[in-house]
A.B. asks: 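Next up is a structure, given as structure tokens.
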Amino acid sequence: MRAVIPVAGWGTRFLPATKAMPKEMLPIVDKPVIQYIVEELIEAGIFDIVFITGRHKRAIEDHFDINPDLEQHLENAGKKELLDVVRKISHLINPIFIRQKEQKGLGHAVLTAKPALSNNEPFIVSLGDILIKGTNTVKKMLSIHQKFGKSVIALFEVPKKEVSKYGIAKVKRVDDEVFLIEDIVEKPSPKEAPSNFAVVGRYLFTPSILEELENTKPGKGGEIQLTDAIRSLLQKEAIYAFKVDSAAVFDTGNKLDYLKTVITFALEREDLKEPLLKFLKELVLLKDKKEKENS
Ligand code: G1P
């Protein structure tokens with residue numbers, strides 16, 4: 001099975017950091033966000049990965065390629081561990097890069113992958129912003145797909161006031177963990193939202209989604225929305241869903257959540273845990289003290 005990762009977006013929320021660097025290369029401690037997304041796919045046995053990329057995203061191609069100069073330098077310097085880390089990345093996957101010449105929305109990005117996808121095999125779409133810790137979400141989608149043979153979408157519960165940031169699904173329970181999607185809307189207002197079950201950015205699609213995408217007109221924001229294509233696919237095929245634990249979801253696409261992600265991941269690292277926690281505690285004490293002095 002193949003996977004598609006759309007990575008053509010501008011990353012305007014992180015300017016100026018993303019002026020010359022893809023937002024997907026922002027580091028979570030010392031690993032770029034995109035590598036976490038790729039590792040989740042690898043763990044689920046998926047190695048053929050189609051990146052929908054753009055002119056300003058070359059660093060992603062370089063990240064998954066070999067770097068002979070750097071490898072030589074690390075070898076000469078006797079930095080064996082770093083050499084292994086660097087070499088491993090270039091042998092992780094079989095990357096396929098397709099340029100999305102114009103950015104016409106997520107649906108359009110997925111459709112751009114069509115030449116690299118098979119007509120009769122399902123495929124995964126993983127969005128580059130959201131990291132999900134714990135149980136592997138892609139593996140979970142694969143196992144639900146094996147059981148029901150249809151598309152599967154991962155959802156997570158969000159506070160009602162945040163529904164307008166996501167695709168929101170109306171669902172019906174099938175069993176302890178599986179739901180059927182009854183309806184789906186892209187970024188509704190809290191008033192319009194059919195629930196608070198949001199699309200988390202991991203999808204498994206039957207190839208029929210491509211046909212729907214071909215017929216999808218621009219929707220919210222004038223863009224070709226993947227959610228709209230899912231909505232029309234619902235008229236023809238059942239689409240299943242399951243919930244991931246909201247506490248395991250890390251949205252690196254906005255500044256505050258990005259910082260929370262970096263700190264959470266760093267606090268799990270043996271080499272950083274203690275000194276970072278000590279620093280954070282001291283920082284909080286100092287801030288409290290200053291606030292008291294000023295009040
Ligand atoms: C996209 C999708 C949305 C989904 C979200 C998850 O929106 O259009 O349905 O809920 O990703 O992150 P974006 O975040 O690209 O605006």
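Excluded from the calculations below are hydrogen atoms, water molecules and symmetry mates; all remaining heavy atoms, backbone and side chain alike, are included. Indexing begins at 1, ligand by ligand and atom by atom, following the structure's order.
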A.B. asks: Quick check on contacts: which atoms of ligand 1 are under 4.0 angstrom from a heavy atom of I130?
C.D. replies: 12 (O)

A.B. asks: Of all the heavy atoms in L226, does at least one lie under 4.0 Å from an atom in ligand 1?
C.D. replies: no

A.B. asks: Less than 3.5 Å between some nitrogen or oxygen of G167 and one of ligand 1, yes or no?
C.D. replies: yes

A.B. asks: Mind checking whether V199 has an N or O less than 3.5 Å away from an N or O of ligand 1?
C.D. replies: yes

A.B. asks: Between ligand 1 and L106, can you find any atom pair, the residue atom being a heavy atom, that is separated by under 4.0 Å?
C.D. replies: yes

A.B. asks: Just wondering, are more than 12 heavy atoms of other shown residues or ligands nearer than 6.0 Å to NZ in K170?
C.D. replies: no

A.B. asks: Does the side chain of H108 pick up a donor-acceptor pair with the side chain of Q100 at under 3.5 Å?
C.D. replies: yes

A.B. asks: For the CG atom of D175 and the CZ atom of F242, what is their distance to the nearest 0.5 Å?
C.D. replies: 12.5 Å

A.B. asks: When you measure from atom 13 (P) of ligand 1 to the protein, is at least one non-hydrogen atom found at a distance under 4.0 Å?
C.D. replies: yes

A.B. asks: With heavy atoms of L127 as the reference, note each atom of ligand 1 found under 4.0 Å away.
C.D. replies: 1 (C), 11 (O)

A.B. asks: Output the list of atoms in ligand 1 that are nearer than 4.0 Å to some heavy atom of T227, sorted by atom number.
C.D. replies: 9 (O)

A.B. asks: For ligand 1, is there an N or O atom under 3.5 Å from any N or O atom of E186?
C.D. replies: yes

A.B. asks: Side-chain donor-acceptor pair under 3.5 Å between Q146 and S143, yes or no?
C.D. replies: no

A.B. asks: Can you see whether Q72 engages N76 through a side-chain donor-acceptor pair at a distance of less than 3.5 angstrom?
C.D. replies: yes

A.B. asks: Using a distance-only test with no angle check, is there a side-chain donor-acceptor pair under 3.5 angstrom linking S232 and E212?
C.D. replies: yes

A.B. asks: Quick check: K187 and ligand 1, any N/O pair under 3.5 Å apart?
C.D. replies: yes

A.B. asks: Would you tell me whether S208 and E237 have side-chain atoms, one donor and one acceptor, within less than 3.5 Å of each other?
C.D. replies: yes

